[in-house]
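Worksheet: one structure, shown below.
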Amino acid sequence: MLLGLAIRDVVLIDRLELEFGPGLAVLTGETGAGKSILLDALGLALGARGEAGLVRHGARLAAVAAEFETVPAAAALLEEHGIDTEGAIVLRRTLGADGRSRAFVNDQPASVGLLRALGDTLVEVHGQSEQRGLLDPATHRASLDAFAGAGETAREVRALWTAAEAARQALEAALAAQARAAAEQDHLRHTLGELEALEPREGEEREIEDRRALLKNREKIVAALQGAQNALDSPRPVGEALRAARKEIARAADKAAGGFDRALAALDRASDELAEAEAAIEAAGRSVDHDSKALEKLEDRLYALREIARKHRLPVSELANFKARVAGQLEVLDRGELALAGLRAAALDARRAYAQAASRLSELRRNASTRLDQAVTAELAPLKLDRAQFRTRLDARADGDWGPDGAERVQFEVSTNPGAPFGAIGRIASGGELSRFMLALRVALAQVGGAGTLVFDEVDAGVGGA
């Protein structure tokens with residue numbers, strides 16, 4: 001309920017403070033007395049468009065504050081925006097002569113959009129120029145849901161729609177990413193196939209270069225090894241000479257009182273080193289590939305490694321790591337198929353849950369629409385609309401057009417004369433008829449709540465004395 005309205009420097013009003021009690025408050029006055037200014041000021045506090053022309057001539061700033069009792073819907077909005085919900089709700093708006101405005105809720109800065117949202121929960125304005133409660137089809141749906149006692153189901157539908165949309169968007173994002181990756185995936189598989197066929201090893205280029213250098217000088221190396229072997233073997237093998245020398249020294253060692261120990265140790269070391277040298281020469285000889293095509297094979301291998309490295313703009317030393325990375329990327333893409341299946345299932349489940357809740361809401365609306373039509377019709381005769389008819393029209397939406405408010409559009413329609421076609425209430429009814437239809441609706445919906453304040457602007461126009 002509107003508790004008070006404070007106005008400063010709005011059009012003709014310098015300072016004005018009004019207090020309202022429960023029940024009906026009537027503001028009357030001759031044309032030009034300022035009744036419309038009061039509505040303009042209230043509209044400013046409720047988030048209506050602020051125009052510089054509303055600022056009193058000569059004033060720098062216009063200000064309006066409207067105080068309301070808290071209602072559950074408004075309290076929920078305040079809590080959502082982190083604003084204190086205890087006590088009354090004060091909507092305040094200032095408007096400068098330059099057209100700039102500021103909004104406040106309970107003395108906390110707020111957006112004009114929040115003022116408007118709060119205003120929709122606190123006030124309904126009905127009049128010749130503005131029938132907010134009738135011309136907006138969104139209020140038709142909300143009114144029907146309230147009459148049906150379907151508020152909880154409607155909130156469930158909205159929550160499930162949000163979840164279904166999130167699941168759908170996640171699936172679409174994953175599908176788009178998969179589509180973008182499709183061409184890349186083919187390229188990656190081709191690249192991996194080339195690398196697997198080549199099987200590059202870390203450090204292989206250095207090994208091949210060393211091996212190639214060895215093979216290029218094979219004849220010189222073989223000759224050197226053979227010469228070394230011949231040197232060791234003739235005219236008297238070095239090993240035989242070392243063994244003979246040790247034998248002679250060892251024979252007299254016990255008589256030398258330790259004087260031959262160093263000589264014996266040196267001869268032993270020489271024998272060991274000679275054996276190792278002979279083994280190394282033999283191994284080196286074995287390592288020299290006598291295959292005449294071995295060098296050609298190495299050249300081909302080195303060329304293939306360098307060619308694929310150039311193709312991917314890498315050093316040859318990075319090919320092995322690159323192969324591992326490509327294999328890892330493909331593994332991630334393959335796992336993505338499993339993730340995609342999970343997203344599809346989640347989107348399907350979310351859509352199914354939403355559809356089930358929307359179906360329940362549709363059933364509640366169908367049942368309530370008949371009862372609402374009867375309740376409104378019962379109020380028309382006393383309002384001198386006994387020849388008029390009222391109906392709630394439910395239009396099923398296509399499956400792809402379902403939304404957070406359910407599976408159908410809700411619209412109040414009237415026929416003002418017998419035989420006349422039904423049409424949208426805002427297009428068929430005249431100004432006075434709109435007011436009377438609104439009154440009938442408010443009576444029918446009185447037990448299911450709504451905004452705590454109803455504003456009727458010239459509601460008597462076209463109604464008549466009765």
Side-chain angles (χ1 to χ4, degrees), residues 1-7 10 13 15-31 33-48 64-78 85-92 105-106 115 118-136 139 142-143 146-147 151 372 375-376 378-385 431-466:
M1 184 183 78
L2 178 63
L3 301 177
L5 184 64
I7 303 172
V10 175
I13 298 175
R15 297 284 190 279
L16 177 65
E17 292 187 6
L18 295 173
E19 293 184 1
F20 298 91
L24 177 65
V26 180
L27 301 178
T28 66
E30 296 179 355
T31 300
K35 301 186 298 297
S36 296
I37 299 175
L38 295 180
L39 278 182
D40 290 339
L42 178 60
L44 198 62
L46 297 176
V64 180
E67 183 180 8
F68 296 89
E69 283 185 343
T70 304
V71 298
L77 269 176
L78 292 177
T85 59
E86 293 185 7
I89 297 176
V90 178
L91 308 182
R92 183 163 63 89
V105 177
N106 289 353
L115 284 192
L118 286 167
D120 287 341
T121 68
L122 296 167
V123 179
E124 286 185 18
V125 178
H126 305 276
Q128 301 299 296
S129 60
E130 182 175 22
Q131 294 284 341
R132 284 172 63 172
L134 283 179
L135 297 186
D136 184 0
T139 66
S143 296
F147 187 80
L372 179 61
V376 173
E379 300 297 331
L380 295 181
L383 293 171
K384 304 303 179 183
L385 288 171
E433 289 171 336
L434 273 175
S435 296
R436 285 179 279 168
F437 277 117
M438 180 277 301
L439 286 172
L441 268 171
R442 293 313 308 166
V443 171
L445 297 171
Q447 300 306 313
V448 295
T453 301
L454 303 178
V455 177
F456 306 105
D457 182 15
E458 299 186 12
V459 72
D460 60 323
V463 174

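Side chains included, hydrogens not; waters and symmetry mates left out as well; all remaining heavy atoms used.
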Query raised in the report: When you look at Val64 and Leu91, which way does the side chain to side chain contact (heavy atoms under 4.5 Å, CB included) test go after all the steps?
Result: CA-CA 8 Å; Val64 180; Leu91 308 182; over 6 Å; no
Query raised in the report: Under 3.5 Å, is there a donor-acceptor pair between the side chain of Ser143 and the main chain of Leu445?
Result: no
Query raised in the report: Backbone N or O of Leu2 within a donor-acceptor pair of the Thr453 side chain at under 3.5 Å?
Result: yes
All side chain to side chain contact (heavy atoms under 4.5 Å, CB included) counterparts of [X], not counting sequence neighbours:
| X | answer |
| --- | --- |
| Leu39 | Val455, Asp457 |
| Glu69 | Met1, Leu3 |
| Ala440 | Val376, Glu379, Leu380, Leu383 |
| Leu27 | Leu38 |

Requested in this report: Decide yes or no on side chain to side chain contact (heavy atoms under 4.5 Å, CB included) for Ile89 and Leu78, but give the supporting numbers first.
Outcome: CA-CA 9 Å; Ile89 297 176; Leu78 292 177; 3.6 Å; yes
Where do [X] and [Y] come nearest, in terms of heavy atoms and distance?
| X | Y | value |
| --- | --- | --- |
| Ala66 | Leu42 | CB-CD1, 4.2 Å |
| Leu46 | Gly119 | CD2-CA, 3.8 Å |
| Val10 | Ala41 | CG1-CB, 4.4 Å |

[atom1]-[atom2] distance between [X] and [Y], expressed to the nearest 0.5 angstrom:
| X | Y | atom1 | atom2 | value |
| --- | --- | --- | --- | --- |
| Ile13 | Ile7 | CD1 | CD1 | 4.0 Å |
| Asp120 | Leu77 | CG | CG | 9.5 Å |
| Leu18 | Glu67 | CG | CD | 13.0 Å |

Report task. Determine whether Phe68 and Leu118 make a side-chain contact, defined as any pair of heavy atoms from C-beta on separated by less than 4.5 Å. Result -> no
Query raised in the report: Are Val105 and Val90 close enough, and set up right, to give a side chain to side chain contact (heavy atoms under 4.5 Å, CB included), and what steps lead you there?
Result: CA-CA 6 Å; Val105 177; Val90 178; over 6 Å; no
Requested in this report: Go through Leu5 and Phe20 one step at a time and tell me if the side chain to side chain contact (heavy atoms under 4.5 Å, CB included) criterion holds.
Outcome: CA-CA 8 Å; Leu5 184 64; Phe20 298 91; 4.1 Å; yes
